[in-house]
Number of protein chains: 2
Amino acid sequence: MGTQASPRGRNPRGQGDRLRAEIIDATLGLLDELGDDQALSMRAVARAVGTAATSVYLHFADRDALVLATLRHCHDDLMRAADEAAAGSDDPAEQLRARVLVLGTWSRRHPGLYRVMHESAVNRRPETAFRSEVADSTTAAVRRCMDAGVAPAGDAQLVALDLRAAVHGAVALRLSQPQLDWPPLTAQIDRFLTRLVGLPAR
Amino acid sequence: MGTQASPRGRNPRGQGDRLRAEIIDATLGLLDELGDDQALSMRAVARAVGTAATSVYLHFADRDALVLATLRHCHDDLMRAADEAAAGSDDPAEQLRARVLVLGTWSRRHPGLYRVMHESAVNRRPETAFRSEVADSTTAAVRRCMDAGVAPAGDAQLVALDLRAAVHGAVALRLSQPQLDWPPLTAQIDRFLTRLVGLPAR
DNA sequence: ATCCTAACTGAACACTTGTAACTGTACGGC
DNA sequence: GCCGTACAGTTACAAGTGTTCAGTTAGGAT
């Protein structure tokens, strides 16, 4: 329980940011366990890092700032994963599929973090505008499919919204009731790609 | 702020359960405001009812029991609304549509409660098995569409799951970022009914 | 008028929380 | 040798939490 890290030594002069990185890292872990940003306590973060509770305030103004910074970190990681997955193919359809599947695999690897990113009250604050990047990249991928003719022409933004909603719903249902046994997510996502976007069946 | 109800008088002899109903009612209101069952405090409930904090324990063993009872109440209300809506038509397609639309309108009327019902950690407990009733009723409605020939035959359970996921996703996205302006939910649900279930376009 | 008991209350325990104010400590330059 | 400063820890406070326990009231039966 008392996941007290080894008594950390002080950082050398120029590297005061090292503690900052450790704090964000610990916060990522805690948020993933908790699945709720409101349940995160500064003291728990400090305990996990092995530092004094007040030392967190040297790098983050308050709890909200810490959560926000951590979620931004999280978001960048998710975006990078999506971009990397899409880079594996030249086919726009495969790129869209890869991009969407990343959401599924990422949510399985970091269930709590996925929940915090999508359900937390922080999303209602303007500082989390970065979240729209994921939406925009999906819309762009859908549009490329239409332009390439692998998907019927249409309102890319609306189609992308339908796809995002469906995929998020599929993921969210699985996260909220993990004790049930769900049919494979990948097949469900493929159905969404076929029926909502109009990609050819695999 | 101090939503202190009028100093309530004691209930007559046989009607001790009246306080129980008032407590559940207050809890419904608080959970809808908070959108998170972990943020609910027994003292806040007591304040809202206008009673002593300890009196809550006369009717509920602990906080979890109170939340569970409240969610069960909530669920019954949702099911009744869906059944009533479906009773308005004889066409299985219209019945399915009405049933699904109820989820949308209910979520708009009780955003916080919808979130608690779908996102709360209580869902991972076996006592919330009643949640599957909503899923089952949707599956049955889909199957009736297939049997009546208004939807192409197929795996009703799988189709219903796709539909539920999509609708829940559409609702959840809107709830988690209400500051964005979303296209109409009804039209989106109709697209889902057409493309995922195969109902004729309206 | 008495008593029983259902219905309810107040005070208290043993915490946890965010955060401000203060107090060190060791390293690099002088 | 000295000292400023970047980096950190200690102490403390006021507020809040779930829950328990020992009462206290009042309505109905005797």
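Below, chains carry the letters A, B, ... as their sequence lines are ordered, and counting in each starts from 1.
The ring-ring contact (aromatic ring centres under 6.0 Å, His included) search around H75(A) returns F130(A), not counting sequence neighbours.
Between the CD1 atom of I23(B) and the C1' atom of dT9(C) there is a distance of 13 Å, rounded to whole Å. In this structure, R47(A) atom CZ and dG9(D) atom P are separated by 15 Å, rounded to whole Å. Rounded to whole Å, the distance from CZ on F60(B) to P on dC8(C) is 13 Å. Rounded to an integer number of Å, the gap from CG of L58(B) to P of dA6(C) is 12 Å. If you measure from atom CG of D17(B) to atom P of dA7(C), you get 8 Å, rounded to the nearest angstrom. In this entry the distance linking CG of L34(B) with P of dT17(D) reads 11 Å, nearest Å. If you take OH of Y57(A) and C1' of dA12(D), they are 14 Å apart, rounded to a whole angstrom. If you take CZ of R20(B) and C1' of dC8(C), they are 17 Å apart, rounded to a whole angstrom.
Counting non-hydrogen atoms under 4.0 angstrom, T54(A) reaches a base of the nucleic acid. Counting non-hydrogen atoms under 4.0 angstrom, L40(B) reaches the backbone sugars and phosphates but no base.
With distances taken from any side-chain atom of R63(B) to the nucleotides dG9(D), dT19(D), dT19(C), the minimum falls on dT19(D). For M42(B), the listed nucleotide lying nearest its side chain is dT19(D); candidates were dT10(D), dG18(C), dT19(D). Distance from the side chain of S55(B) is smallest to dT9(C) among dT9(C), dT19(C), dG9(D). Of the candidate nucleotides dT9(C), dT19(D), dT19(C), dT19(C) has the atom lying nearest to any side-chain atom of D62(A).
Listed pair H59(A) / dC7(D) fails the phosphate criterion, with no side-chain N or O lying under 4.0 Å from OP1 or OP2. Put simply, S41(A) has no side-chain N or O that comes within less than 4.0 Å of OP1 or OP2 on dT16(C).
With hydrogens and angles ignored, no donor-acceptor pair closer than 3.5 Å exists between the side chain of R43(B) and the base of dG16(D).
A donor-acceptor contact under 3.5 angstrom links the side chains of Q188(B) and D162(A), judged on distance only. Looking only at atom types and distance, the side chain of S120(A) has a donor-acceptor partner in the side chain of D37(A) under 3.5 Å away.
Here the closest non-hydrogen pair linking A69(B) and I24(B) is CB-CD1, 4.1 Å.
A tilted orientation is assigned to the rings of W106(B) and Y114(B), their planes being inclined by 30° to 60°.
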